[in-house]
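Because the structure is a prediction, the values reported are computed rather than measured. Counting starts at 1 for both ligands and their atoms, in listed order.
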Amino acid sequence: MAVQRKEKFNKKHSKFKRTKKIEESQEIELLEERIAAGAPASGTNPLAISLPKEIGGGATGKIDVSHPYAGAKYFEQMPLSAKTKRGLKDSKYTHMTAIQRAALPHALCGRDVLGAAKTGSGKTLAFLLPVVEKLYRLRWSGEDGVGAIIISPTRELAFQIFDELKKVGKYHSLSAGLLIGGRKDVETEKEHVGRLNILVCTPGRLLQHMDETPDFDCSQLQILVLDEADRILDLGFSGTLNAIVAQLSKERQTLLFSATQTRSVQDLARLSLQDPEYLAVHAESTAATPARLQQTAIIVPLDEKMDMLWSFVKSHLRTKTLVFLSSCKEVKFVHEVFRRLRPGVPVSCLHGRMKQTQRTIVYGSYCEAKHAVLFCTDVAARGLDFPAVDWVVQMDCPEDVASYIHRVGRTARYTASGRSLLFLTPSEEAMLEDLKTAKIPVKVIKPNKEKVQSVTGAIAALVSKNPELKYLGQKAFITYLRSIHLQKNKGIFDVKALPIAEYAVSLGLPTTPRVRFIKSGNEKKNRVKQKSSDISEDDVSEEEEEEEEEDIENQEKTVTKENLKDSVDSEAKAIVVKEKKSKLDRLFGRKNTGVLSTAHEKLRLRDSEDEEEEEFLSKKRPRPETEEESDQNAPVLMKNSGVKVLKKKKLKIDPGKAGSQRMVFDEEGNALPPLAAFATKDDASTGKGVDEQVAQAAGEHFLRIKEEMRKRDQEDRLMEKQRLREKRFKNKMKLKAAAEETKGEGVQLVANSDSDGEDESMDERPTKKRGSRDVDVSDQEGAGGNIPSDSDEDKPAKQQKPFTKLSIAEQEDLALKLLQSRKSTF
Ligand SMILES: Nc1ncnc2c1ncn2[C@@H]1O[C@H](COP(=O)(O)OP(=O)(O)OP(=O)(O)O)[C@@H](O)[C@H]1O
């Protein structure tokens with residue numbers, strides 16, 4: 001009975017599947033027909049077309065497939081599969097945004113598209129729908145492998161795109177995967193990646209699979225998408241992207257999207273775009289940023305930024321705020337300070353040197369938070385769709401207008417409104433002009449001085465109590481200044497115009513950390529020029545960073561020792577004692593206890609672990625602290641190796657430094673000139689001054705040395721003469737031996753001579769009767785070994801005395817005779 005039921009079910013199921021397939025095939029045919037018939041003319045912007053209501057029939061009306069779809073306002077009017085439409089409906093997407101209306105008609109009919117639209121305007125759906133639809137219409141399945149690749153510059157953005165894909169594509173039977181750096185399950189990924197149809201990935205991880213996964217084949221790729229295309233096409237990713245593109249089919253469709261789009265011919269040539277459609281939907285609008293975004297700027301001296309930020313956060317406790325800073329180290333420090341000072345709102349941080357799990361947690365909890373402050377670097381600047389962000393505060397000036405647009409774009413998304421505040425130091429005021437030129441309406445406001453709370457004292461107190469925080473502060477200080485120093489736009493960023501000492505104080509630092517690149521800027525430039533062209537600026541900056549780390553360490557030690565004297569910082573004292581102990585342990589070869597010797601070292605180690613991810617790309621990066629690259633570039637390659645790479649410290653020898661000279665001291669401990677050692681004590685009684693004594697003693701010393709050298713030279717010359725004479729003689733002997741052999745005489749002198757004759761030594765062999773079986777073994781191996789010959793047997797031994805026992809005169813005499821006798825035989 002049960003078997004019958006099962007059979008009945010199977011029959012019904014397969015019938016259902018068959019009907020579904022037929023329905024699908026019919027749908028695909030209809031879709032193809034409609035897409036072909038209603039395709040917008042190439043080069044037109046479908047936004048400009050307004051579709052009559054009776055044709056489109058509104059969101060729910062019937063759609064006449066013979067009518068054009070360019071100009072449609074609702075997803076329902078588009079030639080999309082029923083499955084996609086269901087997915088869209090479930091996600092409550094009914095109306096299309098401007099970029100979707102403009103890009104979808106072209107993308108659905110297979111054209112390459114370059115789409116530019118303001119932040120938060122729905123670009124993600126504008127590329128996801130064509131991806132899903134294309135593969136669906138091609139009836140792409142598991143066996144067909146990778147059909148679409150979507151590349152994002154950051155992991156979080158890839159994650160977000162993948163989420164959106166799952167939502168709108170949930171009724172399709174296509175398989176999709178998220179490939180991002182920092183995930184440890186790369187081996188498991190390798191087992192499945194070849195069977196996935198849609199990949200959402202960061203460039204590094206994709207390339208890693210291309211290089212390492214045997215059955216990963218992208219040669220059949222149908223569609224490639226670059227989200228934040230200008231970022232992926234810029235220098236930081238160029239090597240990786242070129243390597244990826246080289247492995248893809250050229251027959252594919254390519255879609256590029258960004259709020260700040262590239263039209264560089266070179267970039268497009270790299271991607272082999274075919275007659276791309278340029279769709280910049282907000283190009284004509286009065287502002288390059290969302291209309292509901294209120295933008296303000298404030299001029300703040302560098303050393304007052306911390307006070308200003310603290311005051312801002314304290315007066316906006318019931319809001320969700322994003323604070324952008326220029327480096328990971330600044331983010332770490334400012335977050336740490338705020339966390340300890342407890343402003344009254346949850347604070348967290350996000351930057352590229354965090355572990356992926358940490359990043360995911362922070363990202364998730366900030367998305368869910370109602371009121372919170374997230375300190376971040378530009379890793380969160382692009383594409384991230386944090387819900388309901390009220391404020392974007394840029395504590396550090398962005399490097400350019402594009403960067404500004406993406407940062408402020410984290411608020412006022414889709415139909416929401418938002419506000420932004422840009423901190424500019426007086427020397428960065430020129431940025432306002434750039435923003436104005438780029439149609440970005442920013443209002444400069446003045447701070448209400450009464451409301452500004454000073455937090456400097458509190459920070460200084462925290463820092464003095466906590467060596468780790470002090471170290472972080474020093475690093476933050478240096479990386480901020482370096483980021484300014486390395487900025488290309490010198491009209492805005494001038495490190496020399498900054499109040500450096502005051503800035504250090506504002507970070508609670510007791511002393512101003514030494515900043516080498518500011519003092520010796522020209523020197524550094526020259527050094528860069530001198531280096532061969534394949535050494536990038538980054539190598540220099542890495543070197544600088546190491547130097548600065550050393551400086552911090554040195555200063556740290558000095559300061560800590562001073563603190564110890566005053567018995568102020570017992571924690572630091574314990575650390576230094578530990579450090580000393582571990583140094584002694586190392587010196588005396590004692591076993592390492594495994595406990596890190598200083599808090600400082602702890603930090604260094606932690607940093608270096610984080611930096612593993614960064615190192616893959618750092619060599620070719622155009623600027624430091626651009627973490628997005630790090631996210632992509634196969635960090636796992638290093639991670640999986642299990643080897644912790646600690647930065648090697650360079651041993652620097654500076655002959656100009658006092659410490660590198662040999663100092664001589666007199667009995668009272670006064671430093672003397674180096675040659676003072678030559679002055680004898682008796683000279684003091686001669687009444688001469690020390691300098692005179694020294695000069696005289698030195699003179700005598702050099703005379704003695706000169707005489708000694710002359711004698712040695714003479715000896716050397718004699719030795720050389722003798723050596724040459726022996727060499728000449730040896731050659732003569734060779735000739736003589738040859739002559740002897742031809743004459744059949746019994747003396748055999750074998751010279752072990754090399755061709756250059758330099759290392760010659762005479763080897764005398766006692767003459768033997770050739771017929772005897774007692775043969776010199778060494779000769780047997782040579783081709784010309786002394787194989788006894790019958791003809792040699794009865795030759796008499798003429799020379800009785802061993803040759804080397806003759807005096808030189810005798811030897812010369814003998815040689816002469818032999819030569820003469822030889823001459824006579826010819
Ligand atoms: N047609 C639509 N209807 C309703 N909401 C939409 C629609 N399209 C997009 N959205 C929503 O708008 C928000 C922004 O979309 P999206 O992230 O795609 O913007 P974007 O243009 O890619 O922004 P960015 O330039 O910052 O990357 C998202 O929350 C998304 O869910």
*Asks:* Provide the number and element of each atom of ligand 1 under 4.0 Å from a heavy atom of T124.
*Replies:* 16 (P), 17 (O), 18 (O), 22 (O)
*Asks:* For atom 26 (O) of ligand 1, state which one of R413, H406, H95, R382 supplies the nearest heavy atom.
*Replies:* R413
*Asks:* Looking only at distances, please establish whether an N/O atom of ligand 1 is found under 3.5 Å from an N/O atom of G120.
*Replies:* yes
*Asks:* What atoms in ligand 1 come closer than 4.0 Å to a heavy atom of R410?
*Replies:* 26 (O)
*Asks:* Begin from the C-alpha positions of T84 and H172 and carry the test side-chain hydrogen bond (donor to acceptor under 3.5 Å, both in side chains) through to its verdict.
*Replies:* CA-CA 7 Å; T84 299; H172 284 275; 2.7 Å; yes
*Asks:* Do S81 and E133 pass the side-chain hydrogen bond (donor to acceptor under 3.5 Å, both in side chains) test, and can you show the C-alpha distance, the side-chain angles, and the key distance before you say yes or no?
*Replies:* CA-CA 7 Å; S81 62; E133 286 297 293; 2.6 Å; yes
*Asks:* So, regarding A117 and ligand 1 (criterion: nitrogen or oxygen to nitrogen or oxygen, under 3.5 Å), is there a contact or not?
*Replies:* no
*Asks:* Below 3.5 Å, N or O to N or O, backbone or side chain included: is there any such pair between S121 and ligand 1?
*Replies:* yes
*Asks:* Atom 29 (O) of ligand 1: which protein heavy atom is closest, and how many Å away?
*Replies:* D385 OD2, 2.5 Å
*Asks:* What protein heavy atom is closest to atom 9 (C) of ligand 1, reported as residue, atom name and distance in Å?
*Replies:* G122 CA, 3.6 Å
*Asks:* Which is it for F75 and ligand 1 at heavy atoms under 4.0 Å: side chain, backbone, both or neither?
*Replies:* side chain
*Asks:* So, R413 and D385, do they make that salt bridge, N to O below 4.0 Å?
*Replies:* yes
*Asks:* T360 vs Q356, test: side-chain hydrogen bond (donor to acceptor under 3.5 Å, both in side chains). Steps then yes/no.
*Replies:* CA-CA 6 Å; T360 313; Q356 187 50 44; 3.1 Å; yes
*Asks:* For F386 and Y363, take the angle between the two ring planes, folded into 0 to 90°, and tell me which bin it lands in: parallel under 30, tilted 30 to 60, perpendicular over 60.
*Replies:* tilted
*Asks:* Looking only at side-chain N and O atoms, does D90 offer a donor or acceptor that is under 3.5 Å from a partner on Y171?
*Replies:* yes
*Asks:* For atom 27 (O) of ligand 1, find the nearest protein heavy atom and state the residue, atom name and distance (0.1 Å precision).
*Replies:* G383 CA, 3.1 Å
*Asks:* To the nearest 0.1 Å, how far is atom 25 (O) of ligand 1 from its closest protein heavy atom, and which atom is that?
*Replies:* K123 NZ, 2.7 Å
*Asks:* Applying the side-chain contact (heavy atoms from CB on, under 4.5 Å) criterion to I151, which one of L224, D227, V225 satisfies it?
*Replies:* L224
*Asks:* Take atom NZ in K89; do more than 12 heavy atoms of anything else shown fall under 6.0 Å from it?
*Replies:* no
*Asks:* Among L325, T377, V362, D378, which residue meets the side-chain contact (heavy atoms from CB on, under 4.5 Å) test with H351?
*Replies:* T377
*Asks:* Nearest to atom 10 (N) of ligand 1, what protein heavy atom do you find, and at what distance?
*Replies:* Y93 CE2, 3.9 Å
*Asks:* Is the count of non-hydrogen atoms from other residues, nucleotides or ligands lying under 6.0 Å from F493 atom CZ greater than 12?
*Replies:* yes
*Asks:* Provide the number and element of each atom of ligand 1 under 4.0 Å from a heavy atom of E228.
*Replies:* 27 (O)
*Asks:* So which heavy atom in the protein is nearest atom 8 (N) of ligand 1, and how far is it from that ligand atom?
*Replies:* Q100 NE2, 2.9 Å
*Asks:* What atoms of ligand 1 come within less than 4.0 Å of a heavy atom belonging to K118?
*Replies:* 21 (O)
*Asks:* Nearest protein heavy atom to atom 11 (C) of ligand 1, by residue and atom, and its distance?
*Replies:* Y414 CG, 4.1 Å
*Asks:* Using distance alone, determine whether T119 and ligand 1 share an N or O pair under 3.5 Å.
*Replies:* no
*Asks:* Give a yes or no on whether a salt bridge exists between D396 and K305, defined as a side-chain N under 4.0 angstrom from a carboxylate O.
*Replies:* yes
